[in-house]
Amino acid sequence: MRRALSALTALVSLAAVAACSPATPSTAPGPAPSTLKDAFAGRFLVGAALNESQFTEQDSRGVPIVKAQFNTVTPENILKWENVHPRHGEYAFDAPDRYVAFGERNGMFIVGHTLVWHQQTPRWVFFDASGSRVSRDTLLARLRDHIQTVVGRYKGRIKGWDVVNEAVDEDGSLRKSLWLEIIGPDYIEKAFQWANEADPQAELYYNDYSVENAPKRNGIVALVKNLQAKGIRVTAVGLQGHNRLDWPTLAQQDSTIGAFVALGVKVAITELDIDVLPRATRAQTADVSLSAAPSAGLNPYAAGLPDSVQQALAKRYADLFGVYMKHRDAITRVTFWGVTDGDSWLNGWPVRGRTSYPLLFDRAGKPKPAFDAVIRATERPAFVP
Ligand code: XIL
């Protein structure tokens with residue numbers, strides 16, 4: 001009996017030792033955090049752009065991911081001018097109200113996208129009933145009314161606004177948009193001033209794509225400097241981050257963030273995705289007006305993503321997050337442009353009907369190898385040029 005008892009005790013203590021001793025050497029990483037927001041807590045927020053079926057909680061696959069993983073949200077479309085202000089004197093606040101309520105219910109940092117853009121803005125804004133361009137004063141009055149009304153409605157609730165989106169061209173000059181042509185270059189400072197007046201506490205951003213290319217980046221640096229010299233408040237520059245496996249280089253990403261840190265503004269990665277599909281055009285652009293003809297060659301992974309590409313995507317995400325970690329003191333948030341691969345705008349742009357794989361969750365809502373690579377970013381050394 002005693003022998004049996006002591007044998008049992010020995011067994012129990014052996015089991016206890018086994019339970020306590022690490023299965024892997026002590027230098028190995030512990031269990032990874034299970035969510036993106038936890039992994040980067042104390043560094044930067046992590047977010048996603050939401051479509052309407054997400055913030056109205058129709059999307060039973062996407063919503064649990066959003067609630068579990070993210071602590072900041074951006075509306076993919078519903079706060080763009082054509083949606084929130086489709087006709088003269090007519091605002092459509094139903095969807096934006098629901099978006100903001102979703103963010104508040106879930107304790108998230110709520111972003112507004114976007115006040116001034118040359119895309120997804122109705123023709124009535126720029127043209128009168130006879131088809132002629134409106135005057136500078138008319139367009140300024142319309143812009144002011146729009147900003148006061150939209151920012152004012154969500155004052156204290158939407159915490160940061162993309163005030164001006166994509167105002168700079170690839171060569172660094174101001175884009176020849178109707179805003180520039182009708183008002184002149186001061187439309188940008190007016191927009192920031194009016195946004196500031198409508199909500200002095202809100203963060204105010206200049207947001208753009210392909211900022212990593214030097215000529216464009218230099219133009220944006222000059223633009224921000226000019227606003228600062230005039231005493232206009234700019235909180236952060238948003239780097240959209242519509243990336244590819246081979247663009248931008250890590251050195252380009254690093255020096256671009258560094259260029260804005262040197263100006264004393266914060267940096268946000270605002271629309272992150274990584275396109276693994278073949279280029280449809282030569283230019284490195286996220287110009288939403290671009291479109292190219294579909295072809296089988298442009299849609300090579302319709303039946304599934306080969307493991308080699310899956311791994312390349314994970315590595316690429318790991319590398320980019322290494323750069324973000326280096327600049328974690330300046331980076332306020334990293335926002336993905338969509339939740340799952342099935343939601344991504346890259347299934348329809350610039351070629352319709354492709355099967356794209358740019359995000360961290362697959363079409364079934366399962367985390368991809370890229371998710372693990374991102375979550376482990378805090379355990380790896382940050383990028384060193
Ligand atoms: C895209 C949306 O994802 C699409 O649903 C819409 O059809 C077009 O716009 N830069 C931006 C975003 O600032 O607003 C764009 O979003 C993607 C490029």
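Remember, it's 1-based here, ligands and their atoms both numbered in the order they're listed. Position 1 is the first residue of the sequence, and the numbers go up from there.
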Ligand 1 atoms nearer than 4.0 angstrom to some heavy atom of Glu166 are 10 (N), 11 (C), 13 (O)
Ranking Lys80, Gln120, Gln240 by closest non-hydrogen atom to atom 16 (O) of ligand 1, top hit is Lys80
Nearest heavy atom to atom 10 (N) of ligand 1, choosing from Glu271, His113, Glu76, belongs to Glu271
Of the side chain and backbone of [X], name the one, both, or neither that has a heavy atom under 4.0 Å from an atom of ligand 1.
X      : value
Asn77  : side chain
Tyr209 : neither
Asn165 : side chain

With the threshold set at 4.0 Å, does a side-chain nitrogen-carboxylate oxygen contact exist between [X] and [Y]?
X      : Y      : answer
Arg157 : Asp199 : no
Asp208 : Lys216 : yes
Glu189 : Lys230 : yes

Report yes or no: is the cationic atom of Arg153 (NZ for Lys, CZ for Arg) closer than 6.0 Å to the six-membered ring centre of Phe93, at no more than 45° off its axis? yes
| said: Does the structure place the NZ or CZ of Arg376 under 6.0 Å from the centre of the six-membered ring of Phe321, at an angle of no more than 45° from the ring's axis? | reply: no
Q. Any nitrogen or oxygen of Trp337, main chain or side chain, under 3.5 Å from a nitrogen or oxygen of ligand 1?
A. yes
_Checking the N or O distance criterion of under 3.5 Å, is ligand 1 in contact with Asn207?_
no
**Q.** Gln119 near ligand 1 by a heavy-atom separation under 4.0 Å
**A.** no
Check for me whether the distance between the ring centres of His242 and Tyr209 falls short of 6.0 Å. no
All heavy atoms of Ala236 vs all of Val265, minimum pair found to be CA-CB, 4.3 Å
